[in-house]
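These numbers come from a predicted model, not from an experiment. First the proteins, then the strands, lettered A, B, ... as listed; each starts at 1.
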Protein chains: 2
Amino acid sequence: MAAKRSGAQSKRSQRISGTLQPTHAASDEPALSRERIVATAVELLDAQGLDGLTMRRLADRLGSGVMSLYWHVDNKEDVFDLALDSVLEYRGPTQTVESQDWRGDVVHVLEDWRTSMLRHPWSASLLPRRALGPNILGRLELLSKTLSRAGVADADLNVAIWSLWNYVMGATITRASFDLSDEDRAAAQQRLERLSGRYPAIERSHLLLDDDWDGAFRKGLDFLLDGLAPR
Amino acid sequence: MAAKRSGAQSKRSQRISGTLQPTHAASDEPALSRERIVATAVELLDAQGLDGLTMRRLADRLGSGVMSLYWHVDNKEDVFDLALDSVLEYRGPTQTVESQDWRGDVVHVLEDWRTSMLRHPWSASLLPRRALGPNILGRLELLSKTLSRAGVADADLNVAIWSLWNYVMGATITRASFDLSDEDRAAAQQRLERLSGRYPAIERSHLLLDDDWDGAFRKGLDFLLDGLAPR
DNA sequence: ACCTGAACACCGTTCAAGT
DNA sequence: ACCTGAACACCGTTCAAGT
């Protein structure tokens with residue numbers, strides 16, 4: 001990873017080191033690299049959302065020409081794949097020492113997954129269309145092992161993994177997309193009421209205003225786990 | 001809805017009715033309308049996928065100028081919203097006569113939902129980013145009523161709805177995105193094995209090759225329902 | 001090995017104008 | 001009320017060229 005330099009220092013070093021950075025004389029940016037590109041792409045996505053990521057904007061932010069990116073990266077799809085997988089890197093404990101609470105471990109793995117994605121809401125809507133990168137596979141691997149330890153039989157393992165994956169993805173995607181629009185939800189509820197009578201049930205229960213996403217997530221997850229690995 | 005006419009008939013009527021369709025003399029297409037635009041957008045999405053929908057291509061297919069679309073439709077986002085909601089129109093029985101099998105009704109509602117979306121795989125990856133149209137609301141309403149009849153208490157209704165929604169969305173999105181790439185999955189499994197050792201658990205269980213999506217869907221759904229509405 | 005600008009074939013949408 | 005073409009400000013990517 002390139003270290004950050006202060007503006008003053010970089011200006012000086014730029015003036016002095018004309019021969020040291022011959023191909024990069026007009027800029028104070030460190031050299032281009034796959035890592036820098038991906039990190040900057042994530043920044044851009046966080047700041048501007050899915051549509052905000054543009055090869056041209058990305059190059060701008062990196063202080064390089066647009067076409068320079070294509071040396072390090074296949075195309076825009078590739079950038080999406082890399083950004084998504086980088087955001088899903090697992091940083092938690094990969095093997096809690098002698099844990100006895102296997103069910104708690106499963107919950108932790110899944111909640112960490114959800115939390116990671118919610119930190120970058122674009123990742124949720126991106127995931128369904130992208131390839132499985134190494135970090136995603138790593139999380140699936142971890143989930144598989146934890147489920148085995150929790151007592152899920154080998155024959156049921158894939159069903160269990162996919163059920164939980166589906167649930168987590170659905171919950172995360174829903175939450176990420178609905179949470180963006182708080183007053184939209186209020187507006188939606190009002191619209192519901194103006195159509196008075198067409199949707200009486202969900203109007204009465206204030207479905208669109210309900211926002212205990214975390215609670216609902218945990219509750220549904222518990223039900224699933226009860227079925228998958230009876231305690 | 002504009003009625004379909006045969007080519008011959010429309011050519012004749014075009015020649016005769018110069019004064020009847022004065023603004024549309026040069027084409028044998030019926031007049032533009034919101035409905036036609038949406039229907040054609042769905043065709044285009046089915047044929048070419050998400051990236052295949054272009055205002056220009058859409059206009060081409062409709063035999064009109066690009067800008068004519070904007071009289072009937074706000075912008076491209078609007079087209080996406082309309083196409084998505086149109087695909088989610090519920091056509092099943094809205095009130096089965098005196099059904100006693102309430103749990104079966106819930107399952108039917110959710111499976112019909114999933115089936116509708118899988119008929120148009122782009123809808124799955126589109127949904128998380130779009131507004132709730134009338135047909136989506138209608139399905140939520142139906143689900144809510146069915147759950148009530150199945151014995152879910154009012155206080156638990158929203159949690160139940162969102163849990164099921166999340167599960168169905170996750171399962172559908174996953175299935176729609178993974179199913180597109182059959183030999184990709186085989187390639188992924190091979191890649192796994194070439195990395196031999198990094199992901200032993202999911203390699204051993206052939207997770208990426210497992211494709212009993214429907215079975216997994218039903219199983220997980222049953223577990224959820226067991227928790228939400230004990231029989 | 002790494003970076004670049006010009007050029008191509010596209011986009012969505014504004015606007016002013018037509019009937 | 002409905003449709004249109006020209007024009008604008010963008011896109012992603014190929015290519016041939018630079019160091």
Side-chain angles (χ1 to χ4, degrees), chain A residues 2 14 17-38 40-41 44-45 47-83 122 126 129-130, chain B residues 1-2 10 14 17-38 40-41 44-45 47-83 122 126 129-130:
Chain A
Q14 182 199 333
S17 64
T19 59
L20 293 179
Q21 300 188 346
T23 59
H24 212 66
S27 155
D28 57 349
E29 304 283 346
L32 230 41
S33 74
R34 210 159 219 263
E35 281 157 10
R36 264 192 80 223
I37 291 176
V38 173
T40 308
L44 202 46
L45 285 163
Q48 319 247 24
L50 267 190
D51 294 335
L53 180 60
T54 283
M55 296 304 271
R56 283 167 154 92
R57 268 205 274 258
L58 186 51
D60 257 18
R61 218 176 238 250
L62 286 160
S64 78
V66 202
M67 294 317 298
S68 312
L69 305 179
Y70 285 81
W71 177 262
H72 304 271
V73 135
D74 285 350
N75 47 36
K76 196 184 178 182
E77 302 259 288
D78 199 17
V79 177
F80 275 133
D81 284 343
L82 293 167
W122 48 270
L126 201 52
R129 296 186 290 160
R130 315 303 336 167
Chain B
M1 301 267 175
S10 68
Q14 182 201 333
S17 63
T19 59
L20 293 179
Q21 300 188 347
T23 59
H24 211 69
S27 155
D28 57 349
E29 304 283 347
L32 229 42
S33 73
R34 208 159 222 262
E35 282 155 10
R36 264 192 80 221
I37 291 176
V38 174
T40 309
L44 202 46
L45 285 163
Q48 320 245 24
L50 268 191
D51 293 337
L53 179 59
T54 281
M55 296 305 271
R56 282 168 153 92
R57 270 204 273 257
L58 186 52
D60 258 18
R61 218 177 239 250
L62 286 160
S64 77
V66 203
M67 295 316 298
S68 313
L69 304 179
Y70 285 83
W71 176 261
H72 304 272
V73 134
D74 285 350
N75 45 37
K76 196 184 179 181
E77 302 258 288
D78 200 16
V79 177
F80 275 132
D81 284 343
L82 294 167
W122 48 269
L126 201 52
R129 295 187 290 160
R130 315 303 335 168

Pairs: protein N or O with nucleotides 12-16 of chain D N or O, under 3.5 Å:
{"residue": "D:dG12", "atom": "OP1", "partner": "A:Met55", "partner atom": "N", "Å": "3.4"}
{"residue": "D:dG12", "atom": "OP1", "partner": "A:Lys76", "partner atom": "NZ", "Å": "2.9"}
{"residue": "D:dG12", "atom": "OP2", "partner": "A:Met55", "partner atom": "N", "Å": "3.1"}
{"residue": "D:dG12", "atom": "N7", "partner": "A:Arg56", "partner atom": "NH1", "Å": "2.4"}
{"residue": "D:dG12", "atom": "O6", "partner": "A:Arg56", "partner atom": "NH2", "Å": "3.2"}
{"residue": "D:dT13", "atom": "OP2", "partner": "A:Tyr70", "partner atom": "OH", "Å": "2.7"}
{"residue": "D:dT13", "atom": "OP2", "partner": "A:Lys76", "partner atom": "N", "Å": "3.0"}

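- Between A:Val79 and the choices A:Asp74, A:Leu69, A:Leu58, the side chain to side chain contact (heavy atoms under 4.5 Å, CB included) rule is met once, by A:Leu58.
- Checked by atom type and distance alone, the side chain of A:Arg36 pairs as donor or acceptor with a backbone atom of A:Ala31 at under 3.5 Å.
- Going from atom CG of B:Leu32 over to atom C1' of D:dT4 covers 12 Å, rounded to whole Å.
- Taking atom CG of residue A:Leu69 and atom C1' of nucleotide D:dC11, one finds them 14 Å apart after rounding to whole Å.
- Pair assignment for C:dA7 gives D:dT13, based on Watson-Crick or G-U wobble hydrogen-bonding distances that are each under 3.5 Å.
- Base pairing of C:dT19: its partner is D:dA1, meeting the Watson-Crick or G-U wobble criterion (both donor-acceptor distances under 3.5 Å).
- Heavy atoms only, all atoms of each residue included: B:Asn75 and B:Tyr70 are closest at CA-CE2, 4.0 Å.
- Each of B:Asp60, B:Leu45, B:Leu62, B:Leu53 was scored for a side chain to side chain contact (heavy atoms under 4.5 Å, CB included) with B:Thr40, with one residue passing: B:Leu62.
- Distance B:Arg34 CZ to D:dC3 P: 14 Å, rounded to the nearest Å.
- D:dC3 and C:dA16 have their C1' atoms separated by 13 Å, with the value rounded to a whole Å.
- Using C1' as the reference atom, D:dA9 and C:dC10 are 13 Å apart when rounded to the nearest Å.
- The CH2-C1' distance, from A:Trp71 to C:dC2, rounds to 6 Å in whole Å.
- The side chain of A:His72 places no N or O atom within less than 4.0 Å of a non-bridging phosphate oxygen (OP1 or OP2) of C:dA1.
- Contact annotation: A:Ser68 side-chain N/O to C:dC2 OP1/OP2 distance is not under 4.0 Å.
- The two residues A:Arg61 and A:Leu44 come nearest to each other via the heavy atoms NE-CD1, 3.3 Å.
- Rounding to the nearest 0.5 Å places CD1 of A:Ile37 at 7.0 Å from OG of A:Ser64.
- Once rounded to the nearest 0.5 Å, the distance linking CG of B:Leu32 with NE2 of B:His72 reads 4.0 Å.
- Going from atom CG of B:Leu58 over to atom C1' of C:dC11 covers 14 Å, rounded to whole Å.
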